[in-house]
Amino acid sequence: MAVYLDCAATAPVDSRVQREVMTYLGVEFGNAGSRHHGFGARARSAVEKARVRVAALVGATRGEIIFTSGATESNNLALLGLAEHGAETGRTHLVSTRIEHKSVLEPLQALSARGFEVTLVAPEAGGWVDPQSILEAVREDTLLVSVMQVNNETGVIQPIREIARLLRNHPAYLHVDAAQGFGKETSPLRDPRIDLISISGHKIYAPKGIGALVTRRRKGRRPPLSPLMHGGGQELGLRPGTLPVPLIAGLGKASELAMMEHEERNAACRYFKKVLLKKLEPLKPVFNGELDRTVPQIVNLTFPGIDSEEAIEAVSRVAAISNGSACTSTSESCSHVLSAQGLDEARMEGALRLSWCHLTSEPDWNGFIRAIESIPVAEHPGRSPAIGIGQAGAA
Ligand code: PMP
């Protein structure tokens with residue numbers, strides 16, 4: 001069976017997390033909002049335990065955690081939720097980057113249509129955003145700065161700590177989409193200057209459909225968010241609806257495990273990456289994103305002259321890989337991330353994302369190489385000598 005190398009899209013659920021989820025799907029099925037019996041109390045206590053565990057990973061307090069359905073919802077709540085306050089206070093400018101996930105870019109587009117002004121900072125060619133260019137984009141009327149922690153397509157780590165430091169004297173709220181870094185790159189997220197953090201469960205071995213928004217208090221005050229939905233008043237009224245206790249307990253367990261194990265997990269991933277880079281050397285890959293700035297779990301590369309769709313098909317018996325982010329794989333257009341980095345079309349058309357985790361077993365790298373080398377050169381009139389540098393005939 002093919003080895004799964006698409007953990008940036010979604011990761012397997014840890015067996016210990018599965019057991020926790022099953023407990024609250026089975027015997028402990030109570031509603032955390034039920035006040036009159038033990039079923040409700042036990043469900044509520046599971047939710048509060050999870051809140052403490054999630055908060056611990058980012059150095060927050062449990063009262064600062066709002067459970068959501070995932071990072072998409074958290075991003076929407078952070079961005080759209082601040083709009084009312086921005087409009088009331090005349091702070092209607094927003095700063096973000098061109099390499100954000102669509103769940104940040106599209107709410108920003110929606111705000112722009114509502115009269116907000118949005119500045120999107122371009123990344124450097126290596127896939128990272130220069131903190132200085134963020135500072136230069138910020139104005140007196142800037143309401144919010146939103147920068148992702150780790151890019152989901154390239155794995156490039158963004159300089160969140162430096163951005164937080166440069167913004168220390170500016171009142172703008174700082175939001176970080178940490179879908180790819182939460183529970184993995186833990187220390188930057190503890191920075192008290194970060195006001196809002198989006199978290200996704202299924203990237204840290206919890207189920208899909210659960211996440212959180214951290215709403216950190218600054219000088220005792222939490223960011224002035226308005227809810228996107230109205231109803232039962234749960235989650236401080238910011239995210240009403242009956243709490244999905246099994247999923248929340250699962251995210252809590254996954255956070256607890258990440259807290260205890262992230263260093264050894266990262267070490268395992270670094271080793272996997274080292275082997276991968278060595279094994280793929282004969283194919284002379286070109287890296288899309290500055291390798292030294294990438295997380296231990298993701299690499300984005302182009303084999304010169306090889307189209308990504310054909311590569312994915314060719315290696316499919318050996319490894320399950322993707323071309324860019326799964327979230328946009330239904331769209332035919334080239335990646336907005338790689339295009340913002342200024343890559344030429346041939347390189348973007350060949351871009352492959354390989355992503356793994358500490359649970360990933362070693363694929364048959366020789367089989368992988370043979371599969372790529374078996375792609376007939378004649379079928380690729382579009383191979384670009386500009387990036388081929390003599391490698392196009394790898395077969
Ligand atoms: N932001 C980033 C950077 C992501 O990688 C993802 C998931 N691909 C999301 C947001 C959306 O997360 P979720 O699937 O939890 O909605």
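Counting starts at 1 for both ligands and their atoms, in listed order.
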How does [X] reach ligand 1, by side chain, by backbone, by both or by neither, if only non-hydrogen atoms under 4.0 Å count?
X      : result
Glu73  : neither
Met148 : side chain
Asp177 : side chain

Taking side chain as C-beta onward, heavy atoms only, is [X] less than 4.5 Å from [Y]?
X      : Y      : result
Ser361 : Phe272 : no
Leu280 : Trp365 : yes
Leu277 : Leu291 : yes

Touching ligand 1 at all, [X]? Heavy atoms, strictly under 4.0 Å?
X      : answer
Glu100 : no
His202 : yes
Ser103 : yes

Identify, by atom number and element, the atoms of ligand 1 in contact range of [X], meaning under 4.0 Å from any of its heavy atoms.
X      : answer
Ser200 : 13 (P), 15 (O)
Thr72  : 11 (C), 12 (O), 13 (P), 16 (O)
Gly70  : 15 (O)

Query raised in the report: Which residues, ordered by chain and number, are linked to Leu105 in its hydrophobic cluster, where ILVMFWY side chains connect at heavy-atom gaps below 4.5 Å, directly or through other members?
Result: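 Ile66, Leu77, Leu79, Leu80, Leu82, Leu94, Val104, Leu108, Leu111, Phe116, Val118, Leu120, Leu143, Leu144, Tyr173, Leu196, Leu213, Leu225, Leu228, Leu236, Leu238, which link up through side-chain heavy atoms under 4.5 Å apart, make up the rest of the cluster.
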
Query raised in the report: Do Ala71 and ligand 1 have an N or O pair less than 3.5 Å apart?
Result: yes

Query raised in the report: Does any N or O atom in Gln180 lie less than 3.5 angstrom from one in ligand 1, N or O only?
Result: yes

**Report entry** Ionic contact status for Arg193 with Asp191, cut-off 4.0 Å
**Finding:**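 Here Asp191 does not pair with Arg193 in a salt bridge, since their nearest N and O are not under 4.0 Å apart.
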
Requested in this report: For Lys279, look at atom NZ and say whether over 12 heavy atoms of other residues, nucleotides or ligands are found less than 6.0 Å away.
Outcome: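 Open: at most 12 neighbouring heavy atoms sit under 6.0 Å from NZ of Lys279.
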
Query raised in the report: Do the ring centers of Phe29 and Phe39 come within less than 6.0 Å of each other?
Result: yes

Report task. Keeping to residues at least two apart or across chains, list the salt bridge (charged side-chain N to carboxylate O under 4.0 Å, His left out) pairs with something in residues 247-257. Result -> Arg53-Glu256, Lys253-Glu256

